[in-house]
Amino acid sequence: MQTAKSIIVRGRVQGVGFRPFIFGLASDYNIVGTVQNNMDGVSIIAEGDINSLDKFINAIQTRLPRLAKIYEYIVRDNELAGFENFSIIESSKSGTSSLVIPIDASICPDCSEELLNKDNKRYNYPFINCTQCGPRYSIISALPYDRPYTSMENFKMCADCREEYDNPLDRRHHAQPNACEICGPKYELYRIDGTLIEGNIVEHVAELIKSGNIVAIKGIGGYHLVCDATNESVVNKLRQRKNRPSKPLAIMAKNIDEINKICSFNIKERDLLQSIESPIVLLNKRSDSNIIAESVAPNLSQLGVMMPYTPFHVLLFNENNIKYLVMTSANPSGLPMLYKDCEAFTYLNNIADYIVSNNREILHAIDDSVVQVIESSASIIRRARGYVPEPITTQSSCDSIIALGSQQKNTFSIGRNSQIFIGPHIGDLNSVEVYNHFLSEFNHLNKWMGVNPMKIAIDLHPSFTTNELAKEFSGEIVKIQHHHAHLVSCMVDNNIRDENVIGIILDGTGYGTDGNIWGFEILEGNEGSFERLAHLRYTNLPGGDKSIIEPWKNAVGMLYSLLGERGKNYSKKLFKDQSDTINIICNMIDKNLNSPLAGTCGRLFDAVASILGVCTKATYDGEAAIILSNLADLNLINQIESYSYDILNEDNLFIIDFSSCLERIIEDKFNNVSNEYIATMFHQTVVNSIIDTIILLDKIDSKIVLSGGSFHNPYLLLGVKSKLNKLGFEVYSHRNIPTNDGGLSLGQLVIASKL
Ligand code: ZN
Ligand code: ZN
Ligand code: FE
């Protein structure tokens, strides 16, 4: 018996070959009817016998095209209309518009196969792509996503490409960047002085890299600096030229087998490496492997690894002997990723020896994303290529609200109907260039959304650059406390709504409602308000934010604030040649000069790292914390005792005091106890102090959210989570949104929607 159904599919279903996919399925299952794009997704009318119809409805969800993603799937009974065939019909303008802007996706298996197939017309063509892969977000100038509104507009398709593009059953149907050797963009190789080098570019580049050169290669979202990751001296040369002494560099490896020789990984990590997003995945180095130069990630047990994700990468790694390459964003220190061809030669002079460019313009810079897997769940450290601008759907309206994010690891968010679009990783808002980069990326994305900002959410911090940025807009400015935004960001990330939760927020720096620097917080709150329940005891931070790059000064401030003269003496023993500076610091604190009060997890880690002598000066953000976390033994999580600490109730606020812990650490250090043991004990102390505070707070039925950059630390995350679980709490950490300040704008926006 013939039956009719109407099916509405919402999600990433436009521009990803979804209609031809449905067309194919309909013919597989003898279904007649129509498929049509509308404003908020795809609408299908299907008629067939009941069995086939069931199979068809099921197959849509299970055999999805690689790039498609379903958020909502609604099936309803429909009246029989007696269609004779199945057809793709013209797009309709009905429905509330829910926007999906496609992401930049890694090369698909079909295109990889064609690329390396001598008989294919796109053999060796480094811009091969299809509806299931290739650049999107990075080449779009305006919506709707259509070739004339991309940087492919100047390339007129040849007759062959056009035919593929027009054929609804071709896998390149409406693949906007479709091109071939005859009609599409081309790569060119230059010496840094601008001389063009003729010949086979890929072979040439492989030779140049093998002989120790640094080559800048234009990719999807910007330029990478590329060199041989197995060659210690070229990696050091790159570090010197980039003025980047120790911040770890990411590598790209030929394939999963080659990665297996240098790092261990689990299934989740393997899937991420091979995903359409193709992020940098932080993996544990194999201690018995010395293939990769030590200077790629000095003194760290982890390595950031990604797979070849453009056709050019695939061709390069197809050359003999190319297995592991350093691939780091070519950005002048502290500035946005380099992506404009006109700037490449100027900026890369003195850094790269050669430049590989092409004439497909990048319209939006987008960095590689960075993901870490802790146990079996992924947490995003940098949300960029492959993830941006995938929207977050909320249950309530966030329309016409924007949020400008944090000072560090900045991202912005734009609310449109019940969707929130988080922009790409912008970086640290410390220069005019980054300020301008923020505005240009914001204006672009916002133009696509068509949002007129009525409310602008910013951080409470009086000296964040977002205060200036907010003045660029005419709407009402609302200020949101940093850790409240973290708490709500984690709630939204876990679909928790309209209820009070406890938030354990550990991070580096956030401005508190009392004007002090917060960052080791236990809060209770919801999307509308919060209350502070507990925090780390304040200590003076000599020099304010500047001491972040000199963790040892912060150790002195902390020891002197907590232990007085005894702390000063410890400092002089620990930092032997710094007696004069120590006197000055203590004087500053006595006179209350430029030494604000701070209680943050980041600064506590800085202090301990410098006491252990593993990081007295930081050359990149979070260095001390990363080194200290690397020293801690994850096998001992919650299996080891801890140092002592105190929790005091002062005016109904619990104060966590690490004085005795720090003293014990110093004694252990003087008694030559190993740094690994001390670091592990210290981590456990942080965990235990939080758990004891939660027990004292006696909020037994609450859900608990964990947020803040310190939760990238696997010891802290797993230690706190498992102890809380044992106590019967439901515990939530971040999943799709960074736990660090990259996730802040999302929280700010949702709070602003409730104010
Ligand atoms: Zn493809
Ligand atoms: Zn062509
Ligand atoms: Fe933060």
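Because only heavy atoms are used, hydrogens play no part in the values below, and waters and symmetry mates are left out as well, while side chains stay in. Every number for a ligand or one of its atoms is a count from 1 in the order of the listing. It should be emphasised that the depicted structure is a prediction, and the values quoted were computed from it without experimental measurement.
Looking at Lys218, its side chain does come within 3.5 Å of a backbone N or O of Arg360 through a donor-acceptor pair. Between the side chain of Asn318 and the main chain of Val314, no donor-acceptor pair closer than 3.5 Å is present.
Around the Zn ion (ligand 2), protein N, O or S atoms at less than 2.8 Å comprise Cys158 SG, Cys161 SG, Cys180 SG, Cys183 SG. Here the protein contributes Cys108 SG, Cys111 SG, Cys130 SG, Cys133 SG as N, O or S atoms under 2.8 Å from the Zn ion (ligand 1).
For Lys156, the NZ atom sits in a loose shell: 12 or fewer heavy atoms of surrounding residues, nucleotides or ligands are nearer than 6.0 Å.
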**Q.** Steps toward ring pair (Phe, Tyr, Trp, His ring centres under 6.0 Å) verdict (Phe464, Tyr511)
**A.** CA-CA 10 Å; Phe464 272 11; Tyr511 194 80; 8.5 Å; no
Q.
Using the rule given for side-chain hydrogen bond (donor to acceptor under 3.5 Å, both in side chains), can you reason through Ser406 versus Asp459, listing the C-alpha separation, both sets of side-chain angles and the distance that settles it, and then say yes or no?
A. CA-CA 7 Å; Ser406 187; Asp459 193 276; 5.2 Å; no
Q: Kindly determine whether Asp146 and His174 satisfy side-chain hydrogen bond (donor to acceptor under 3.5 Å, both in side chains), including the steps that lead there.
A: CA-CA 8 Å; Asp146 211 348; His174 288 181; over 6 Å; no
Q. After noting the C-alpha distance and the side-chain angles of Glu164 and Arg122, does the key distance pass the salt bridge (charged side-chain N to carboxylate O under 4.0 Å, His left out) rule?
A. CA-CA 13 Å; Glu164 296 167 327; Arg122 291 191 179 82; 2.7 Å; yes
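Stacking of Arg171 on the aromatic ring of Phe21 is not recorded, the 6.0 Å distance cut-off and the 45° axial limit not both being met.
Rounding to 10 degrees gives 100° for the angle at the Fe ion (ligand 3) between OD1 of Asp741 and NE2 of His482.
Electrostatic pairing of Lys69 and Glu390 counts as a salt bridge here, judged by a charged N lying under 4.0 Å from a carboxylate O.
Among His486, Lys409, His712, the single residue meeting the side-chain hydrogen bond (donor to acceptor under 3.5 Å, both in side chains) criterion with Asn740 is His712.
Looking only at its N/O/S atoms, Asp507 has OD2 as the one nearest to the Fe ion (ligand 3).
Inter-residue side-chain proximity for Glu361 and Ile139 is flagged as unmet; no heavy-atom pair is nearer than 4.5 Å.
Because the distance cut-off is set at 2.8 Å, His486 qualifies as a neighbour of the Fe ion (ligand 3) through one of its N, O or S atoms.
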